[in-house]
Amino acid sequence: MKNYIITALILLMTGWSAVYGEDGSRLWLRLEPVGAPAKITGLKGTAMTELQTYWKGGPVVLKRQKGLANDGYTIKSEKGKTVIAATNDAGLLYGAYHLLRLQQMGKPCDALSITEQPAYDLRILNHWDNPNGTVERGFAGRSIFLNPDPERMKMYGRANASLGINGTVLNNVNAKPEALSSEHLQKAKSIADMLRPYGIRVYLSINFASPIRLGGLKTADPLDKEVVGWWRDKVNEIYRMIPDFGGFLVKANSEGEPGPQDFGRSHADGANMLADVLRPHHGIVMWRAFVYAPQSNDRANQASLEFMPLDGQFADNVIIQIKNGPVDFQPREPYSPLFTSLQKTHMMVEFQITQEYLGAANHLVYLAPMWREFFSFVRPSSLKAMAGVANIGDDTNWCGHHFAQSNWYAFGRLAWNPELTSEQIADEWLRQTFGPFPKGANAKSEDFYSSLQKVMVDSREACVSYMMPLGLHHIFAGGHHYGPEPWYTRPGIRADWTPPYYHRADSIGLGFDRTMSGSANVKQYPDALCRLYNDINTCPENLIAWFHHVPWDHRMKSGRTFWDELCHKYADGVGEARHFLAVWDAAQPYVDPQRFDEVQRKLRIQARDAEWWRDACLLYFQTFSHRPIPKDMEHPVHNLDEMMEFSIPISMYENPKCGYTK
């Protein structure tokens, strides 16, 4: 910490302080238009326009080249020129943005030999936007698609193209039938027209009962000929308006949404019917595997129980879209076992960029380490695509928190290349978002980059520590997912919508028994992992309460009891949150006043929220453990009755200014 403060003082003494103002609206594309455009020759298009506007170097040639992967490109320095080659316009655009990224980061651009190709053909954002302009789990204002502004759409297209994102689902997976009405399709057409120059295809989430609710039919049975005819006509209508329409995203028979099971049919029956009518247009179906039933003894088991019997039965233009974990975007989960169980079915991973369970738009939680953790278990090559639930709204800074932009950025970069490290991506984002610094300050600016990079990379683990360490999960407040409420329950509510279903605290211990003698969830994993997770002595401690009901006095690797380790983890999380604030405070000379103040306010909320989580959880679980808080750590500063009386309304959860205030 001392080094950060010394660096800040040196910069102040040298007379350099960031006095310019920025509002975050330019994201990481803070390129200034050039006065005298460089000579850009070759194929005309968006790539040429971007380079003519922002490239400060020498001549660039854009050309077609056979033999490169779809969307891939090469950048080579040849005889005083930079040559960008690709097989299609999208590849040229991605190559142009790669060159501009190097320029923006201050990297040398005079001896280049670069070949890039995407890991996945489909790199898609899922927007959970509703027809009325609200955004489910959105913490950055209203939908940018409600009344699409051409300039906003242009910036959205540029931002996505700079990362290689090539698809966007315009509406919520909890889809309304009117998403397929002529009025809404006309709006989708206008958005598609605005995004097409940036290589982005649009997709729509659909309501499976649309033939009934929109078409007036008596059934939505996927095997009914009249239903099939309705869908075929609707698909033809869409492609007449949007020739490059991507296809459908479907949430079916989950959380009350209609689906083929309502008519005695399987997920495969429903998905394949839609796939058949989309196939002539080269469209796809992304069928979500997020399903769970109230009667299940373990919600984590449900997806495998429903989809494993259907392995190999889905059409070749159907992709099963699976959340990275088996429950629901928790701060830490094991990977969904479907990823290693399904052997004959196309799969894609669904990550959540928006921080539904990670402090909304208040907490700095950089998610690349979470996604890299997933890829340490699931081979990227086993997937057909990547989808990310977007964190984008009409707020000036797009994401509600300036650092939340880094998760949009990280998703796009990992969808292009899942081998990139969290550190690499954080460094890229920081240098483009806050640099370059004035001449004479560059030597010291490296301290800014390295200290903030470490904050970002450490932030996810810190969040796990102050929220739900050691495998705890889903102990959020009732009605929304902001703040702790491990005691929450209500008469008549489904058990799996309450925290006690997941933490199962009692006088013996804490955690969900998913071993072979419990819910047998471990059996859904490969044999080696099944054995590892099933034994409390070999189960990774960061998942121990996920797979085991852990006795309070179980001895951990640190030598502490499980109870003492739990206490220390919460304390560590609080300490990290405070440390992040201190690092940011010391970085003030590097940052323009507006963004500095806005981030500082958020980090103060995060530090207070971390205390709230620690106090609420430890004081509540202490009523079961009957053990003292360890003497060598800071004790809770609140009382349990105070914690249990405090709650925030959903309206505050949806407002990024929410947070615990005593």
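Values below: all heavy atoms of this structure, side chains included; hydrogens, waters and symmetry mates excluded.
- Using a 4.0 Å cut-off between a side-chain N of Lys or Arg and a carboxylate O of Asp or Glu, Glu373 and Arg460 qualify as a salt bridge.
- Counting only heavy atoms from C-beta outward, the side chains of Thr168 and Asn160 never approach each other to under 4.5 Å.
- Note: Phe145 and Tyr156 have perpendicular aromatic rings, judged against thresholds of 30 and 60 degrees for the angle between ring planes.
- Defined by atom type and a distance below 3.5 Å, a donor-acceptor pair is missing between the side-chain atoms of Gln424 and Glu428.
- For the pair Arg123/Met386, no side-chain contact is recorded, criterion being any heavy-atom separation below 4.5 Å from C-beta on.
- Inspection of the Lys176 and Asn207 side chains reveals no N or O donor paired with an N or O acceptor under 3.5 Å.
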Starting from the C-alpha separation in whole Å, work towards a yes-or-no answer on side chain to side chain contact (heavy atoms under 4.5 Å, CB included) for Leu125 and Val389.
CA-CA 6 Å; Leu125 289 182; Val389 181; over 6 Å; no

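- One finds no salt bridge joining Arg372 and Glu423 here, because no Lys/Arg side-chain nitrogen approaches an Asp/Glu carboxylate oxygen to under 4.0 Å.
- Residues Ile200 and Asn166 are not in side-chain contact: their nearest non-hydrogen atoms beyond the backbone lie 4.5 Å or more apart.
- The closest side-chain donor-acceptor pair between Glu356 and His481 falls under 3.5 angstrom.
- Salt-bridge formation is not detected for the pair Asp395/Arg142: no Lys NZ or Arg NE/NH1/NH2 atom is positioned less than 4.0 Å from an Asp or Glu carboxylate oxygen.
- Between Asp316 and Lys384 there is no salt bridge, since no side-chain nitrogen of the basic residue lies less than 4.0 Å from a carboxylate oxygen of the acidic one.
- Geometrically, Arg152 engages Trp398 in a cation-pi contact defined by less than 6.0 Å to the ring centre and at most 45° from the axis.
- Stacking of Arg431 on the aromatic ring of Tyr449 is recorded, both the 6.0 Å distance cut-off and the 45° axial limit being met.
- Among Ile75, Leu102, Leu100, Thr82, the single residue meeting the side chain to side chain contact (heavy atoms under 4.5 Å, CB included) criterion with Cys109 is Leu102.
- No side-chain heavy atom of Asn172 sits under 4.5 Å from any side-chain heavy atom of His127.
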Please evaluate residues Asp89 and Arg64 with respect to the criterion salt bridge (charged side-chain N to carboxylate O under 4.0 Å, His left out), reporting the C-alpha separation (whole Å), side-chain torsions for both, the decisive distance (0.1 Å), and the verdict.
CA-CA 9 Å; Asp89 289 345; Arg64 288 271 194 274; 2.8 Å; yes

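- Aromatic ring orientation, Tyr590 versus Phe437: perpendicular (interplanar angle above 60°, classes split at 30° and 60°).
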Full working for salt bridge (charged side-chain N to carboxylate O under 4.0 Å, His left out) between Arg213 and Glu178
CA-CA 9 Å; Arg213 300 179 187 176; Glu178 57 260 40; over 6 Å; no

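- Remark: Arg601 does not engage Asp597 in a salt bridge, criterion side-chain N to carboxylate O under 4.0 Å.
- Checking each of Phe434, Trp429, Tyr409 against Trp28 for a ring pair (Phe, Tyr, Trp, His ring centres under 6.0 Å) leaves exactly one that passes, namely Tyr409.
- The aromatic rings of Tyr239 and His281 sit parallel to each other, their planes meeting at less than 30°, with 60° as the upper class boundary.
- We find that Glu598 and Arg595 are not joined by a salt bridge, their nearest charged nitrogen and carboxylate oxygen being 4.0 Å or further apart.
- The pair Lys187-Glu183 fails the salt-bridge criterion, with no side-chain N (NZ, NE, NH1 or NH2) lying under 4.0 Å from an Asp/Glu carboxylate O.
- Donor-acceptor pairing under 3.5 Å is recorded for the side chains of Gln321 and Asn126.
- For the pair Met286 and Val169, the minimum side-chain heavy-atom distance is below 4.5 Å.
- Counting only N and O atoms by type, the side chains of Ser143 and Asp129 include a donor and acceptor under 3.5 Å apart.
- Judged purely by distance below 3.5 Å, without hydrogens or angles, the side chains of Gln355 and Asn407 pair a donor atom with an acceptor atom.
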Does Glu136 form a side chain to side chain donor-acceptor pair (under 3.5 Å) with Asn130? I'd like the steps, not just the answer.
CA-CA 7 Å; Glu136 184 174 345; Asn130 299 315; 5.3 Å; no

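- A salt bridge does not link Glu419 to Arg413: none of the charged nitrogens lies less than 4.0 Å from a carboxylate oxygen.
- Of the options Gln117, Gln65, His98, a side-chain hydrogen bond (donor to acceptor under 3.5 Å, both in side chains) to Tyr73 is made by His98 and by none of the others.
- With 3.5 Å as the limit, one finds no donor-acceptor pair spanning the side chains of Asn324 and Glu350.
- Taking the side chain as every heavy atom from C-beta outward, Gln432 and Met105 approach each other to under 4.5 Å.
- For the pair Val60/Leu99, a side-chain contact is recorded, criterion being any heavy-atom separation below 4.5 Å from C-beta on.
- Side-chain contact check for Asn88 and Asn70: at least one donor-acceptor pair (N or O, by modelled atom type) lies under 3.5 Å.
- A salt bridge links Glu50 with Arg158: the distance from a Lys NZ or Arg NE/NH1/NH2 to an Asp or Glu carboxylate oxygen falls below 4.0 Å.
- The side-chain heavy atoms of Tyr94 and Glu116, taken from C-beta on, include no pair separated by under 4.5 Å.
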